[in-house]
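Reading through the structure tokens given below for one structure.
Note that the structure is a prediction, hence the values are computed from the model and not measured. Per chain, numbering begins at 1; letters A, B, ... match sequence-line order. Computed over heavy atoms, backbone and side chain alike; hydrogens, waters and symmetry mates excluded.
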2 protein chains.
Amino acid sequence: MTPRRPFRREGEEARRAALINATLDCIADGGPQAATVRAIALRAGVTQGLIRHYFATKEELVAAAHEHLMTGLTKASAAALDALPPDPLVRLAGFVGNAVSPPVADPRSMALWAASMQLVVRDPAMRQGHERSYLAFRDQLEALIADALRAADKPADPATTRRLAIAGNALLDGLWIEASALPDMFATDEIRATAIHAFESLLGLKLQE
Amino acid sequence: MTPRRPFRREGEEARRAALINATLDCIADGGPQAATVRAIALRAGVTQGLIRHYFATKEELVAAAHEHLMTGLTKASAAALDALPPDPLVRLAGFVGNAVSPPVADPRSMALWAASMQLVVRDPAMRQGHERSYLAFRDQLEALIADALRAADKPADPATTRRLAIAGNALLDGLWIEASALPDMFATDEIRATAIHAFESLLGLKLQE
DNA sequence: ATAGTATTTATGCGAACGTATAATAACTTT
DNA sequence: AAAGTTATTATACGTTCGCATAAATACTAT
């Protein structure tokens, strides 16, 4: 004779968003195996039956959460670019510095990224998505590198900028991982300085922050 | 009245090794959630009860597998160094090239690494282990960098070599991830050339492969 | 106000999980 | 050769998982 739990109808959009965010929170906290339908529902403030109403299977929900995460990261990166001044050398330095500093570098993002990488290795569809977002980021970096080289009157032919973008992207990935996984090992300033200094060496020019 | 399955006593050492390898295979194939006691036992050619006989809990087995993986990677890296000639410039180029090429770079290692990174973010004990192996690799790289700089009559003070080791390690990590996660995107030679060329820029000297 | 809709809760089911325990057979020792 | 030890198999137990379905209630339209 326990009273039935009261509720409000929040609408499809809000509920889907809440479920997706709850899924990401669960994965970030305890890994993919902690993202059970019951735990997700609890976090989203609903009961588990509701998940079935908006997503046919749990797998579908996880895929939607992954997509949401990826597009969110790309958007955040683009928005950060908008806030930078027009000088190419300053823009590149700012972009590089941001990529290895909080809030871009943080343990939660790292945990989510590691979780998604596991799927990427195994699932061709996930791999395609990863490839797309990887290329989007790298193309952004390549454009910034080309602008910086031209601003310094240096050659910026496609073969050069491509190679620099691949190496620069790898450098940022690696520093981001180290800064996120071992946050106590480096000061934020040290990682930023290391990243910018390395880019100066790679491009053979002086950047301004 | 089905006959009981025949067996042989293999001894503690062999059985522990078989169980650990089976665990890693399961994780590499299907992620941590695929490493169930039943799947591990099947792969190791035993029945599930035996796991309990050698490991008090599944968690203990997974931790042992993780440790085995890490020490194995460190050993492989050191062994590869032994095979290189004494010239510092050649050694560094060889070390850098190997780090981003098969068999070091391959999807299985990548999957295992991604799985372990999840634990690293969450578990302090795992993080300590990760930190140790990270530093071991970086120190190795720093020594090679210092030797290469000295061989080229360049300054190799500790502050410089440390910063170069951090950046160089990050670069190798990033390229290794890209080469492993997206093996069809780059030719092996391209990744090797990119890595060596980037190190030349970072150190300001010409390497020989 | 009332009826209708479909969002949401509540409950249940079968499978698979980690772990515990008992039975058995392959070795070892005497 | 017989007895003893323990590595190994076999079976069972309780929990939790994803998913299915039925019941109820908040909202919408008339």
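Listed candidates were C/dT19, D/dA20, C/dA20. Nearest to the side chain of B/R52 is C/dA20.
Look at CD on B/Q48: it is 15 Å from P on D/dT8, rounded to the nearest Å. Distance NZ (A/K58) to P (D/dA20): 15 Å, rounded to an integer number of Å. We find that CG of A/L50 is positioned 15 Å from P of D/dC19, with the value rounded to whole Å. When rounded to the nearest whole Å, the span between CZ of A/F7 and P of D/dC27 equals 8 Å. Following rounding to the nearest Å, B/R38 (CZ) and D/dA12 (P) show an atom-to-atom distance of 13 Å. For B/F55 and C/dG18, the CZ to C1' distance is 16 Å, given to the nearest whole Å. Between the CZ atom of B/R8 and the C1' atom of D/dT9 there is a distance of 17 Å, given to the nearest Å.
In terms of heavy-atom proximity, A/L203 sits nearest to A/I145 at CD2-CG2, 4.1 Å.
For the segment residues 9-34 of chain B, the set of residues with a heavy atom within less than 4.0 Å of an atom of DNA chain C comprises B/R9, in numerical order.
The local environment of CD in A/Q128 is sparse, with at most 12 non-hydrogen atoms from other residues, nucleotides or ligands closer than 6.0 Å. Environment of CD in A/E67: sparse, with no more than 12 heavy atoms of neighbouring residues, nucleotides or ligands closer than 6.0 Å.
A donor-acceptor contact shorter than 3.5 Å is absent between the side chain of B/R52 and the backbone of B/T57.
Along DNA chain C, the nucleotide closest to A/G45 and the one closest to B/E59 are compared, and the more 5′ of them pairs with A/G45. Nucleotides of DNA chain D nearest to A/P6 and A/T57 differ in position, and the one nearer the 5' end is that of A/T57.
In terms of phosphate contacts, A/R5 brings a side-chain nitrogen or oxygen within less than 4.0 Å of OP1 or OP2 of C/dT9. Residue A/Y54 places no side-chain N or O under 4.0 Å from the OP1 or OP2 atom of C/dT7. The phosphate of D/dA7 has OP1 or OP2 within less than 4.0 Å of a side-chain N or O from B/H53.
Residues A/R91 and A/D147 fail the side-chain proximity criterion, which asks for heavy atoms closer than 4.5 Å.
The line from OG of A/S133 to CG of A/L73 is 8.0 Å long, rounded to the nearest 0.5 Å. With rounding to the nearest 0.5 Å, the separation of CG in A/D173 from CD in B/E178 is 5.5 Å.
The base of D/dT9 is paired with the side chain of B/R4 by a donor and an acceptor separated by under 3.5 Å.
Rounded to 10°, the helix from C/dA1-D/dT30 to C/dT30-D/dA1 has 10° between the axis fitted to its first five pairs and the one fitted to its last five.
Look at B/R127 and A/D184 and you find no salt bridge, because none of the NZ, NE, NH1 or NH2 atoms lies under 4.0 Å from a carboxylate O.
B/T36 comes within 4.0 angstrom of the backbone, heavy atoms only, and of no base.
With a 6.0 Å cutoff to the six-membered ring centre and a 45° limit on the axis angle, A/R16 counts as a cation-pi contact of A/F55.
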Fill in: side-chain contact (heavy atoms from CB on, under 4.5 Å) evaluation trace for A/L164 with A/L141
CA-CA 9 Å; A/L164 286 173; A/L141 179 62; over 6 Å; no
